[in-house]
Amino acid sequence: MVRAGGAAAQDHYDFERGNWFEAVGDEVRAVRGNVGLIDVSAFAKYEVTGRDAADWLNTLLAGRVPADDGRMSLSPMLSPKGRLLGDFTVARLSETRLFLFGSGVMQASHMRWFDEQLPKDRDVQLTNRSLEMGGAHIAGPRARDLMRRLTNAPVDGASYPFLSARELSIDGVPDVLAARVSFTGELGYELYCPRDSHAQMLDFILSVGADFDLKLAGGRAMGSMRLEKGFGSWGPDFSADVTPQECGLARFIYPQKGDFVGRDAYVQSAEKPVNQRFAQFTMEAHRRDCFGGEAIYQGGEYVGYVTSAGFGHATGKSVALGYVRPDGDATQPFEIDLLGERHTAHLQARPLYDPNGTRMRA
């Protein structure tokens, strides 16, 4: 395989930035400044159907399940001990048909848990559609302009606001599930369709997108953008080893909605001080970025660790996410030990990129 410009699409690993660095930077700048296309087929996709589907999800998940058709919400899932089991985007197409989108690598674990929790005396079924549906993500300031050319369905901000979900047609592909959400922090649309129609949908997007100078972007570009936004990812940042309070997902949990798995344990734990808190740092590493697992120091004392890191190509900053002690003095400098050298790290009070999320929510 050869990239544009004749460079071989083959990774060469180093302790400094890899040979993919400039290509990823071009992809990020294309998305941030214009519009890009990212394949998101690897995301997990679960369809929940039946008369009791919405009610059951409200007892399974700790967040609010949308009460209105065509709406979406973000929701953690807890264990009976109040620990984190997963975090999902919930899309309600109707009272009897909803979708969950989550971590692709956690499908086997989550399916075992779903099977254990499914009631036998209620009308609810859950089906893993991950292998049956392909996904494409359009993101960037001109994403809406491109969507207007892809479909006859209204996509203006008033009729199709942030966290909306609907089925529409793209180039004759019916029932494309379109979700107004983006892991990049930009205005974006995730589009899911049957696997056998995926190539047709992608070809059409690329064809129409040529008029908008649409660029392809990959997982590393998405990773760079989510780091700039301070978005944690399941696996490196979020796991059953952390509580919702520690990782920042507690704001999506609603104990007042009624009973759900882990509610009592969560309420009890919410009254106790946390052992660590999720944080975003920038640092000057001189052609190097953290990989994850590096130690964080303050005043010469170990206070935490990096969970995921990389370079923020839109902001020109090396970015690290991780956990630190909650009782530290945020005004005192931090240091991160990278390859045997300690580098000054700056704690970010707000997400590094677009703190108000104005583009994403427009």
Side-chain angles (χ1 to χ4, degrees), residues 42-133 135 163-167 175 177 179 181 190 192-195 234-235 238-245 247 249-270:
F43 288 1
K45 303 165 282 286
Y46 309 95
E47 185 177 17
V48 187
T49 57
R51 290 190 307 273
D52 300 314
D55 289 342
W56 175 70
L57 281 177
N58 258 317
T59 65
L60 178 74
L61 302 177
R64 288 176 174 168
V65 172
D68 298 322
D69 296 349
R71 296 298 295 161
M72 302 175 67
S73 65
L74 308 177
S75 177
M77 182 171 68
L78 305 181
S79 72
K81 294 183 179 181
R83 307 292 288 191
L84 198 63
L85 280 186
D87 67 303
F88 298 93
T89 304
V90 187
R92 172 171 168 151
L93 301 182
S94 71
E95 184 178 5
T96 60
R97 185 168 178 244
L98 301 93
F99 270 84
L100 300 180
F101 301 98
S103 168
V105 299
M106 288 294 292
Q107 289 177 61
S109 175
H110 285 157
M111 281 302 298
R112 287 194 297 269
W113 180 248
F114 294 151
D115 289 340
E116 290 178 13
Q117 299 301 313
L118 273 171
K120 295 181 174 57
D121 58 348
R122 304 184 68 184
D123 182 21
V124 56
Q125 301 83 38
L126 184 144
T127 306
N128 188 352
R129 300 294 189 194
S130 300
L131 295 180
E132 301 173 21
M133 300 176 71
L163 290 180
S164 293
R166 64 176 55 159
E167 288 184 315
D175 302 328
L177 177 51
V181 68
E190 292 181 1
Y192 299 99
C193 69
R195 179 73 65 171
W234 188 268
F238 301 155
S239 71
D241 294 328
V242 299
T243 68
Q245 298 92 329
C247 69
L249 293 181
R251 67 186 184 276
F252 299 116
I253 296 178
Y254 292 87
Q256 64 271 30
K257 74 172 185 174
D259 192 30
F260 57 83
V261 176
R263 180 187 181 279
D264 293 344
Y266 169 77
V267 171
Q268 293 176 8
S269 67

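Heavy atoms only: backbone and side chains are in, while hydrogens, waters and symmetry mates are out. Here the structure is a predicted model, which is why all the values come from computation and not from measurement.
Once rounded to the nearest 0.5 Å, the distance linking CD of Q117 with CE of M77 reads 8.5 Å. Separation of atoms CD1 (I253) and CG (L78) is listed at 4.5 Å; rounding is to 0.5 Å. To the nearest 0.5 Å, atoms NZ (K45) and CZ (F101) are separated by 8.0 Å. For the atom pair CE of M133 and OH of Y192, the computed distance is 8.5 Å after rounding to the nearest 0.5 Å. Here the CZ-CG distance, from F114 to L85, works out to 9.5 Å after rounding to the nearest 0.5 Å. Note that CH2 of W56 and CG of L98 are 10.5 Å apart. Values are rounded to the nearest 0.5 Å.
Of all heavy-atom pairs spanning S130 and A44, the tightest one is OG-CA, 3.3 Å. Counting all heavy atoms, side chain and backbone alike, A62 lies closest to S75 at N-OG, 3.7 Å. When all heavy atoms of F88 and G102 are compared, the pair lying nearest together is CD2-CA, 3.9 Å. Summarising the geometry of D87 relative to F238, their closest heavy-atom pair is OD1-CD1, 4.3 Å, with the distance given to 0.1 Å. In terms of heavy atoms, G82 sits closest to P244 at O-CD, 3.6 Å. Of all heavy-atom pairs spanning M72 and V181, the tightest one is CE-CG1, 4.2 Å.
For the residue pair Q125/T49, the side-chain donor-acceptor check at 3.5 Å is satisfied.
You'll find the side chain of R129 stays beyond 4.5 Å of the side chain of R195, heavy atoms only. Contact check for L93 versus L177: side-chain heavy atoms found under the 4.5 Å cut-off. Side-chain contact check for C247 versus L84: some heavy-atom pair is nearer than 4.5 Å.
Using the six-membered ring where Trp is involved, Y46 and H110 have ring planes that are perpendicular, over 60° apart on the 30 and 60° scheme.
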N/O donor to acceptor pairs below 3.5 angstrom from side-chain atoms of residues 259-268, sequence neighbours left out:
from: R263; atom 1: NE; to: P255; atom 2: O; distance (Å): 2.7
from: R263; atom 1: NE; to: G258; atom 2: O; distance (Å): 3.4
from: R263; atom 1: NH2; to: P255; atom 2: O; distance (Å): 3.2

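Within 6.0 Å of atom CZ in R51, 12 or fewer heavy atoms from other residues, nucleotides or ligands are found, so the atom counts as exposed in its surroundings. Counting non-hydrogen atoms of other residues, nucleotides and ligands closer than 6.0 Å to CD of Q107 gives a total above 12.
In this structure, the side chain of D123 does not engage the main chain of D52 through any donor-acceptor pair within 3.5 Å. Between the T89 side chain and the L74 main chain, no donor and acceptor come within less than 3.5 Å of each other.
Every side chain to side chain donor-acceptor pair (under 3.5 Å) that E167 has, sequence neighbours left out, goes to R97.
Evaluation of the salt bridge (Lys or Arg N to Asp or Glu O under 4.0 Å) test over residues 65-81, restricted to residues two or more places apart or in two chains, returns D69-R92.
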